Amino acid sequence: MTNPVGEKKLRLAERMSRLGTESAFEVLVRARELEARGKEIVHLEIGEPDFPTAPHIIEAAAHALRDGWTHYGPPAGLPQLRQAVAEDVGQRRGIRVDPAEVVITPGGKPIMFFTILALVDRDDEVLYPNPGFPIYESMIQFVNGRPVPYALREDRDFDVDVEEVLGKITDRTRLIILNSPHNPTGGVMSRATIAALAEALAGRDVFVLSDEIYNRLIYEGEHVSITQFPGMKERTIILDGFSKTFAMTGWRLGYGVMRADLARQVALLMTNSNSCTAGFTQMAGVAALRGDQTCVDQIREEFRRRRSVIVEGLNRIPGFHCPMPRGAFYVFPNIAGTKRTSRALAEPLLTEAGVACLSGTAFGAWGEGFLRFSYANSVENIQKALERVENWVRKNL
Ligand SMILES: Cc1ncc(COP(=O)(O)O)c(C=O)c1O
């Protein structure tokens, strides 16, 4: 059998049919195609800070390149960066972290893949948020684990319902994935929620993958990590990195913090896949963590400003209701009042109004009735997008 361009049908391994995707990248590709045909689009689909990386971090990378940091390095990461991460993660969360508990990876994303690969056997159950980052479910399915979604609801400010999570734990539960601040809702788990969860998990043989990649982008309240509660650090893998905090998405630099024996296994997965993370980017990572932190404060304050603009603007649109999120750089307005499904609204917003956003269902079935807008764009562009969405809705619905 051949396809339209005459290629013989590709026979893939069965596991590939279980692999999902991240639609932000697909919407970006479609938006770019429309742009190539002359349509002007405001991009509020992709989750990446639009700021340049701070000059002192770029300088450190350039310096490292000139100094010869152009070779293979240790699979678990350079000792300098593992040390800097151990100190930074430990200090920010008030826990003790040893460099042997740190693995450096190209972006934070591989930590999802590697820890799920390392811990989840066939038919092991993994609890994860829905709506939530789509790669969690994709990876669970890929390794033949059983995905068990738990809901994040608007009426709880998208905080976790501990009773629901506990009700879903069985003898087969191997891993619980938490993500706070949360993509796509901007929700932040409260201290009380995390404390209740930690208490209920005491004595159970369940690991937690705590995706804390947005931990420094919180506008009200504080970041609480489940690792701060008695007995939890040993059973938790923290996922964090440089992409969001330091506007370094394209550098591909992240890390996981986990017990040392698991860290050695994750490093082995690095040996088998990437070999190592690029040395000069790691040296830039040391500069990012040890250097002046005002760049992080500036990014956060600019996001705070944009958050007010977008929330206020969305709440003016008929059929939209947008609560004020406390973290990350996403808003997740409820669009049930428009009487359209999320997809049926996101599509014409892209093709007709020229605003790229994501359907809530890109983050799981329970994202129906919502859209996700990333406010990682200038206030000017956000205002332009709001005007376009409002005009389109008033004209068409
Ligand atoms: C919740 C969440 N976790 C992890 C990541 C991965 O970040 P990176 O691999 O760029 O460090 C992202 C990126 O969008 C994210 O939204």
Side-chain angles (χ1 to χ4, degrees), residues 20-28 43-51 53 57 77 81 85 89 102-116 128-140 149 152 158 160 175-189 208-218 223 225 237-257 266 270 273-274 277-278 281-282 284-285 288-289 296 299 303 325-332 357-358 360 362-364 367 372-376:
T21 188
E22 204 184 326
S23 7
F25 288 105
E26 287 165 10
V27 174
L28 180 66
H43 291 272
L44 301 183
E45 77 279 42
I46 196 90
E48 72 169 340
D50 53 319
F51 312 104
T53 305
I57 301 175
L81 184 55
V85 167
V89 169
V102 177
V103 184
I104 311 295
T105 45
K109 215 183 218 176
I111 294 297
M112 287 171 208
F113 198 176
F114 293 161
T115 52
I116 289 171
Y128 66 103
N130 184 336
F133 194 58
I135 302 304
Y136 305 141
E137 186 183 288
S138 170
M139 286 296 111
I140 300 163
L152 291 179
F158 299 109
V160 172
L175 184 67
I176 300 177
I177 301 178
L178 304 177
N179 174 213
S180 178
H182 180 245
N183 177 8
T185 65
V188 175
M189 288 177 74
V208 174
L209 172 57
S210 183
D211 185 341
E212 303 181 13
I213 196 104
Y214 297 100
N215 74 84
R216 294 185 66 187
L217 294 172
I218 294 191
H223 173 66
S225 170
I237 300 100
I238 297 175
L239 179 159
D240 199 350
F242 297 80
S243 295
K244 319 287 177 176
T245 304
F246 295 98
M248 290 175 69
T249 45
W251 293 67
R252 309 313 300 135
L253 190 61
Y255 50 86
V257 176
V266 169
M270 274 295 287
S273 52
N274 296 277
T277 307
T281 60
Q282 293 190 63
L289 292 180
V296 182
I299 288 176
F303 277 141
R326 290 194 292 139
F329 41 75
Y330 308 109
V331 284
F332 204 60
C357 66
L358 299 181
F363 302 91
R372 189 197 79 169
F373 294 86
S374 154
Y375 50 90

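Given the structure is predicted, the values throughout are model-derived calculations rather than measurements. Whatever order the structure lists ligands and atoms in, that order sets their numbers, starting from 1.
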Check your understanding: Under 6.0 Å between ring centres, would you say that holds for Tyr330 and Phe158?
Key ->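 No, they do not, as the ring centres are separated by 6.0 Å or more.
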
Do [X] and [Y] have side-chain heavy atoms sitting under 4.5 Å apart?
X	Y	result
Met270	Pro106	yes
Thr185	Pro131	yes
Leu28	His43	yes

Side chain, backbone, both or neither: [X] near ligand 1, heavy atoms under 4.0 Å:
X	answer
Asn179	side chain
His182	neither
Tyr136	side chain
Glu48	neither
Tyr214	side chain

Point to revise | Main-chain N/O of Gly107 paired with Thr105 side-chain donor or acceptor, under 3.5 Å | key: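 Here the side-chain-to-backbone pair exists.
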
For [atom], the protein heavy atom that lies nearest, with its residue and separation:
atom	value
atom 6 (C) of ligand 1	Lys109 N, 3.9 Å
atom 5 (C) of ligand 1	Phe133 CZ, 4.0 Å
atom 11 (O) of ligand 1	Gly108 N, 2.7 Å
atom 7 (O) of ligand 1	Ile213 CD1, 3.9 Å

Under 4.0 Å from any heavy atom of [X], which atoms of ligand 1 are there?
X	result
Gly107	9 (O), 11 (O)
Lys244	12 (C), 13 (C), 14 (O)
Met112	3 (N), 4 (C)
Arg252	8 (P), 9 (O), 10 (O)
Ser243	8 (P), 10 (O), 11 (O)

Check your understanding: Quick one: does Tyr330 get an N or O within less than 3.5 Å of an N or O on ligand 1?
Key ->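 Not met; the criterion fails.
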
Point to revise | Residues Tyr214, Phe329; criterion ring-ring contact (aromatic ring centres under 6.0 Å, His included); working and verdict | key: CA-CA 9 Å; Tyr214 297 100; Phe329 41 75; 5.5 Å; yes

Exercise for review: Ignoring hydrogens, just give me the one of Asp211, Asn183, Asp240 whose non-hydrogen atom is nearest atom 2 (C) of ligand 1.
Suggested key: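 Nearest option to atom 2 (C) of ligand 1, by heavy atoms: Asp211.
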
Exercise for review: Quick one: list whatever passes ring pair (Phe, Tyr, Trp, His ring centres under 6.0 Å) with Tyr255, sequence neighbours left out.
Suggested key: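 For Tyr255, the residues satisfying ring pair (Phe, Tyr, Trp, His ring centres under 6.0 Å) (neighbours in sequence not counted) are Phe242.
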
**Study point:** Pairing residues for Asp240 by the salt bridge (Lys or Arg N to Asp or Glu O under 4.0 Å) criterion, not counting sequence neighbours
**Key:**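 Partners of Asp240 under the salt bridge (Lys or Arg N to Asp or Glu O under 4.0 Å) test: Arg93.
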
Review point. Out of Asn130, Leu175, Asp211, which one pairs with Tyr136 under the side chain to side chain contact (heavy atoms under 4.5 Å, CB included) rule?
Key: Asp211

Review point. Which atom pair, heavy atoms only, marks the closest approach of Ala328 to Gly186?
Key: CB-CA, 4.5 Å

